[in-house]
Amino acid sequence: MNVFGVDIGGSGIKGAPVDLERGDLAEPRHKVLTPHPATPDDVAGCVAEVVANFGWSGPVGVTFPGVVTGSTIRTAANVDKSWVGIDAGKLLSDRLGGLPVTVLNDADAAGVAEMTFGAGRGRKGTVILLTLGTGIGSALFVDGRLVPNTELGHLELKGHDAEKRASTKAKEDEDLSWEHWATKRLQRYLDHVEMLFSPELFIIGGGVSRKADKFLPLLEDLKAEIVPAELENNAGIVGAAMAAAAR
Ligand code: BGC
């Protein structure tokens, strides 16, 4: 069965029909640039453009980079604040001519896809996927079951919002070397998350997972196993489609 997945990110809004048996895109994805400011109306217009590009009519799953309860947006750390309080499921469904829309947090979507088709396949116990990008997203699983909206990117680290110190955006903005970023920023962040949750496995997602060989070998003394995500850029789209199919 195919279901459509859309991933709303800070730089691009991308989507494709997803083959749910294979956990992969059924067709090459279509991407439009995220408008700035990323207001609800403008982003909804982009989502509609992506879906229309495939002439899709059926269920649609959509990721959002903030807390989502039901289909209502509760936080918007890196997108326009006017999203907070909006029923994104209704907004998007209206823009898509009444197609059923399921909305979930972006990291939760990526995590669900990785646990089924990627690095977390078959893993029991506590597993934490962290997406390192503009922000830090988290997905916490206990015996394969998601605890949604954990927002571990906003833990406090040395008096700062952790994602402001340990995201890849912090690395770029402060022009940090791989070594400095990995050993001083990411290491401290992971130590803190490990102290709180004692996971068996960390899965590192986000675009930087493609460069895992540059920083994972620099990390020391973690008790948890730590591996890069396997679905890379498509994890959000696949997870969004899985969430829509599950509803
Ligand atoms: C948001 C999370 C999101 C993460 C990655 C954070 O700033 O609060 O909800 O998952 O960025 O986009």
Side-chain angles (χ1 to χ4, degrees), residues 5-15 31 33-40 43 46-47 61-89 102-115 120 127-141 146-157 160-173 181 185-186 189-190 192-193 196-197 202-210 228-229 231-240 242-243:
V6 181
D7 193 17
I8 299 177
S11 59
I13 296 171
K14 49 210 185 203
K31 174 176 171 177
L33 292 181
T34 305
H36 289 286
T39 59
V43 169
C46 293
V47 172
V62 181
T63 75
F64 185 82
V67 172
V68 186
T69 54
S71 65
T72 300
I73 306 304
R74 300 294 178 193
T75 68
N78 295 305
V79 281
D80 198 69
K81 299 289 176 271
S82 60
W83 275 99
V84 176
I86 296 255
D87 183 340
T102 303
V103 186
L104 76 166
N105 173 263
D106 56 358
D108 284 347
V112 163
E114 286 291 334
M115 291 302 284
V127 177
I128 297 179
L129 170 126
L130 296 168
T131 61
L132 308 178
T134 309
I136 295 181
S138 62
L140 169 66
F141 293 85
L146 174 70
V147 181
N149 293 310
T150 41
E151 293 292 316
L152 303 183
H154 298 297
L155 289 172
E156 187 185 313
L157 203 59
H160 297 271
D161 188 13
E163 72 173 22
K164 298 271 184 306
R165 307 270 304 165
S167 64
T168 52
K169 182 169 188 296
K171 177 181 181 301
E172 281 154 30
D173 288 353
W181 176 70
R185 303 293 180 86
L186 190 56
Y189 176 61
L190 292 172
H192 193 60
V193 177
L196 291 170
F197 296 98
F202 280 119
I203 303 173
I204 303 298
V208 79
S209 62
R210 280 193 301 266
L231 277 71
E232 295 184 353
N233 269 334
N234 294 332
I237 298 175
V238 172
M242 290 173 69

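We count ligands from 1, going down the list as the structure has it; atoms in each ligand are counted the same way. Start at 1 with the first residue, then count along the sequence.
Glu163 OE1, 3.7 Å is the protein heavy atom nearest to atom 11 (O) of ligand 1. Scanning all protein heavy atoms for the shortest distance to atom 3 (C) of ligand 1 gives Asp106 OD1, 3.3 Å.
Contact analysis puts Ile136 in contact with ligand 1, with a non-hydrogen atom separation below 4.0 angstrom. Under a 4.0 angstrom heavy-atom cut-off, Gly153 registers as lying outside contact with ligand 1.
Ligand 1 places these atoms under 4.0 Å from at least one heavy atom of Asn78: 7 (O), 11 (O). Atoms of ligand 1 lying under 4.0 Å from any heavy atom of Asn105, numbered from 1 in the order shown and given with element: 2 (C), 3 (C), 9 (O), 10 (O). Residue Glu151 approaches ligand 1 through these ligand atoms, each under 4.0 Å from one of its heavy atoms: 1 (C), 2 (C), 8 (O), 9 (O). Of all the atoms in ligand 1, the ones that sit under 4.0 Å from a non-hydrogen atom of Gly137 are 4 (C), 5 (C), 10 (O). Every atom of ligand 1 with a heavy atom of Gly66 under 4.0 Å away is listed here by number and element: 9 (O).
A donor-acceptor pair shorter than 3.5 Å cannot be found between the side chains of Thr39 and Ser82.
Between Leu132 and Ser167, the closest side-chain pair of non-hydrogen atoms is not below 4.5 Å. In this structure, Met115 and Leu129 have side chains that are not in contact, with every pair of non-hydrogen atoms separated by 4.5 Å or more. Residues Ile86 and Pro40 have side chains in contact (heavy-atom distance under 4.5 Å, counting atoms from C-beta outward). Counting only heavy atoms from C-beta outward, the side chains of Ile8 and Thr34 never approach each other to under 4.5 Å.
Expressed to the nearest 0.5 Å, how far OG1 of Thr168 lies from CD of Glu163 amounts to 10.5 Å. Rounding to the nearest 0.5 Å places OG1 of Thr63 at 7.0 Å from CG of Leu104.
The distance criterion of under 3.5 Å between nitrogen or oxygen atoms is met by His154 with respect to ligand 1.
Residue-level proximity to ligand 1 for Ala77 is carried by the side chain, the only part with a heavy atom below 4.0 angstrom.
No donor-acceptor distance shorter than 3.5 angstrom exists from the side chain of Arg165 to the backbone of Arg185, with no hydrogens or angles considered.
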